[in-house]
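FYI, side chains are in, hydrogens and waters are out, and symmetry mates aren't considered; it's all heavy atoms of this structure.
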There are 2 protein chains.
Amino acid sequence: MTRQALTMLGKLIRIGRAERGLTAQELADRAGISRTTLSSIEKGAPGPEIGTVFEVVSLVGLRLFESDERMLQVYNFRLDEKLTLLPKSVRHAVKEVDDDF
Amino acid sequence: MTRQALTMLGKLIRIGRAERGLTAQELADRAGISRTTLSSIEKGAPGPEIGTVFEVVSLVGLRLFESDERMLQVYNFRLDEKLTLLPKSVRHAVKEVDDDF
DNA sequence: GCTTTATGACCAATCTAATGAACAAAACTA
DNA sequence: TAGTTTTGTTCATTAGATTGGTCATAAAGC
């Protein structure tokens, strides 16, 4: 499933790049990476750094979270609220949890 | 914006992990990575490999594309169709494109 | 309160990705 | 078709992440 998401993301990037009329070299330059790395990303390789992938995603206009920049800030804030309400560390009872599956 | 998406994803993972009652060590073990790396991921660092991040995302039950596994396959197929319709390479006219911004 | 456990941070050694160059093949244009 | 550009791929080197260990702090449970 991870693999599938990755290849899908790669295809989305490839399509987005084509729609914007960018060559691989051009997009790589704008993202500050090599064409080789961009090729890996579009291929859906698991290796590339998530930061560079997200940068490329942003450059081709993809929205991973289906929300725009402003929404990200707001949502981020709400996540912080949720985080403060949560216990700071996960603690196990004496008996092990058995939610393995 | 890339940075923001990364920190947000990290928080989502952290929350998801807490909701599932997993310690950092446990989640790291399941993902096959070290606790140090998981820490980086939850911190929203750009360095970690996208493959491992997606694996963690999947382990805590997050849905990046707001779709389940079956939807991924279908969507993937439709992306392939779109890809075949697209020109195989982006070609520039003699004159440079001037969509720089 | 005390004890135990989880987390955050840092480190050197190791492992792996990123790079840039080069080449071949494919694809677009004239 | 000929010629040019884009892309796919490989490879050695460079750069940077991952690891496993340890310590200190903090938080949860008793």
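Remark: A:Ser40 is not in phosphate contact with C:dA18, judged by side-chain N or O atoms under 4.0 Å from OP1 or OP2. An OP1 or OP2 oxygen of C:dT19 is reached within less than 4.0 angstrom by a side-chain nitrogen or oxygen of A:Thr37. At least one side-chain nitrogen or oxygen of B:Arg14 sits closer than 4.0 Å to the OP1 or OP2 atom of C:dG8.
Taking a cutoff of 4.0 Å between a charged side-chain nitrogen and a carboxylate oxygen, A:Lys11 and A:Glu42 do not qualify as a salt bridge.
Considering B:Leu62, B:Leu9, B:Ile33 in turn, B:Ile33 is the only one that fulfils the side chain to side chain contact (heavy atoms under 4.5 Å, CB included) rule with B:Val56.
Backbone-only engagement by B:Gly32 is indicated by non-hydrogen atom pairs under 4.0 Å involving sugar-phosphate atoms exclusively.
Closest to the side chain of A:Lys43, out of D:dT9, C:dA17, C:dG20, is D:dT9. Among D:dT9, D:dT19, C:dA18, the nucleotide with an atom closest to any side-chain atom of B:Ile33 is D:dT19. The nucleotide whose nearest atom lies closest to any side-chain atom of A:Thr23 is, among C:dA6, D:dT7, D:dA17, D:dT7. If you check D:dG21, D:dT18, C:dA18 against the side chain of B:Thr36, the one that comes closest is D:dG21. Of all nucleotides listed (D:dA17, C:dT7, C:dT19), C:dT7 comes nearest to the side chain of B:Ala24. In this structure, the nucleotide among D:dT9, C:dA18, D:dT19 sitting nearest to the side chain of A:Ser39 is D:dT9.
Within the 4.5 Å cutoff, no side-chain heavy atoms of B:Pro48 are placed close to those of A:Glu49. A:Leu59 places none of its side-chain heavy atoms less than 4.5 Å from the side chain of A:Ile13.
With no hydrogens or angles considered, a side-chain donor-acceptor pair links A:Ser34 and A:Thr37 at under 3.5 Å.
Going from atom CD1 of B:Ile41 over to atom C1' of D:dT18 covers 11 Å, rounded to whole Å. Note: CD (A:Glu49) to P (D:dG16) measures 9 Å, nearest angstrom. Atom CD in B:Glu42 sits about 11 Å away from atom C1' in C:dG8, given to the nearest Å. Protein atom CZ of A:Arg35 is 7 Å distant from nucleotide atom P of D:dT7, rounded to whole Å. At whole-Å resolution of the value, CG in A:Leu38 and C1' in D:dT9 are 14 Å apart. Summarising the geometry, the separation between CD on A:Gln25 and C1' on C:dG20 is reported as 10 Å, rounded to the nearest angstrom. Nucleotide C:dT7 holds its C1' atom 13 Å from the CD atom of B:Glu26, rounded to whole Å. Going from atom CG of A:Leu22 over to atom P of D:dT5 covers 18 Å, rounded to whole Å.
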